[in-house]
Amino acid sequence: VLGARARNPRALFAIHLCKNKFNFKDRGLCKLKTIAVLILNWNGLTHLKYSLPNIVSASADFCDIYLIDNASTDGSTEWAAAEFPNITILRNDSNFGYAKGLNIGIRRAIELNYNFVALANSDIRLPLNWYSYPIELFEKDVKLAVVGLKPLQRETALSFLTVPNITSHYATDCVDGCFYLCRTEIF
């Protein structure tokens, strides 16, 4: 699934500051949660304490958050479960690595009929309504497969990345791996 080429994918980086607000209610998308945000974790408690509160609040009511854990031993899944009882934790019995770990989450998203999956590193911070402009791009272009949000700055020595709000885009041959949104149909 992950690592396989999409049929005729067209990837876009989206950058700059967003002034537009996307209204899911106006477009009828509020009936179902259309985005599964997948965060891969392995002993990432330090990162999760910083980024997970932000990802949960920035993703509002239109996304479900999945923490995919690769057999952590640092208490990160216990902390996440206690602090955020509404997120789903998928616990793997061993460290499957990046691709296989995310594939488990992608398969779950496909089984649950999500339209999109957001693949997020555990060391990022997102702006409110980060999904607004990418969803508009997907609505305008049915051939669009992936939208990546380009990180602009490191906030701390721990290498947390801040992804800005966006209003513009451009075509590219690759998408930054820290955060990207994909149609589930490409998998």
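Owing to the predicted nature of the structure, the values given are computational and were not obtained by experimental measurement.
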Rounded to the nearest 0.5 Å, how far apart are [atom1] of [X] and [atom2] of [Y]?
{"X": "Cys182", "Y": "Ile35", "atom1": "SG", "atom2": "CD1", "value": "11.5 Å"}
{"X": "Asn70", "Y": "Leu102", "atom1": "CG", "atom2": "CG", "value": "8.5 Å"}
{"X": "Trp130", "Y": "Leu181", "atom1": "CH2", "atom2": "CG", "value": "5.0 Å"}
{"X": "Ile55", "Y": "Ile65", "atom1": "CD1", "atom2": "CD1", "value": "7.0 Å"}
{"X": "Leu48", "Y": "Ser76", "atom1": "CG", "atom2": "OG", "value": "5.5 Å"}
{"X": "Glu185", "Y": "Phe116", "atom1": "CD", "atom2": "CZ", "value": "8.0 Å"}

Inset, instruction - Give a yes or no on whether Leu52 and Trp42 share a hydrophobic cluster (residues Ile, Leu, Val, Met, Phe, Trp, Tyr; joining criterion: side-chain heavy atoms under 4.5 Å apart). - result: no
Where [X] and [Y] come nearest, the two heavy atoms and their spacing:
{"X": "Ala118", "Y": "Phe179", "value": "CB-CZ, 3.8 Å"}
{"X": "Ala120", "Y": "Val37", "value": "CB-CG1, 4.4 Å"}
{"X": "Ile68", "Y": "Gly101", "value": "CG2-O, 3.3 Å"}
{"X": "Ser51", "Y": "Ser122", "value": "OG-O, 2.6 Å"}
{"X": "Asn121", "Y": "Ile124", "value": "O-CG1, 3.5 Å"}
{"X": "Gly97", "Y": "Leu40", "value": "O-CD2, 3.8 Å"}

Legend entry - Test applied, side chain to side chain contact (heavy atoms under 4.5 Å, CB included); reference residue, Arg108; option that passes from Ile110, Ile106, Leu112: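 Answer to the side chain to side chain contact (heavy atoms under 4.5 Å, CB included) test with Arg108 among Ile110, Ile106, Leu112: Leu112.
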Legend entry - For Asn43, side-chain contact (heavy atoms from CB on, under 4.5 Å) partners two or more places apart: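 Ser72, Thr73, Asp74.
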Legend entry - Check: Ser57 side chain, Asn54 main-chain N or O, donor-acceptor pair, under 3.5 Å: yes
Legend entry - Ring geometry between Tyr114 and Tyr66 (parallel below 30°, tilted from 30 to 60°, perpendicular above 60°): perpendicular
Distance-only donor-acceptor pairs under 3.5 Å for side chains of residues 78-91, two or more places apart:
none

Inset, instruction - Would you kindly say whether Thr77 and Asp69 are connected by a side-chain donor-acceptor distance under 3.5 Å? - result: no
Inset, instruction - Kindly indicate whether the side chain of Phe187, heavy atoms from C-beta on, has any atom under 4.5 Å from the side chain of Val117. - result: yes
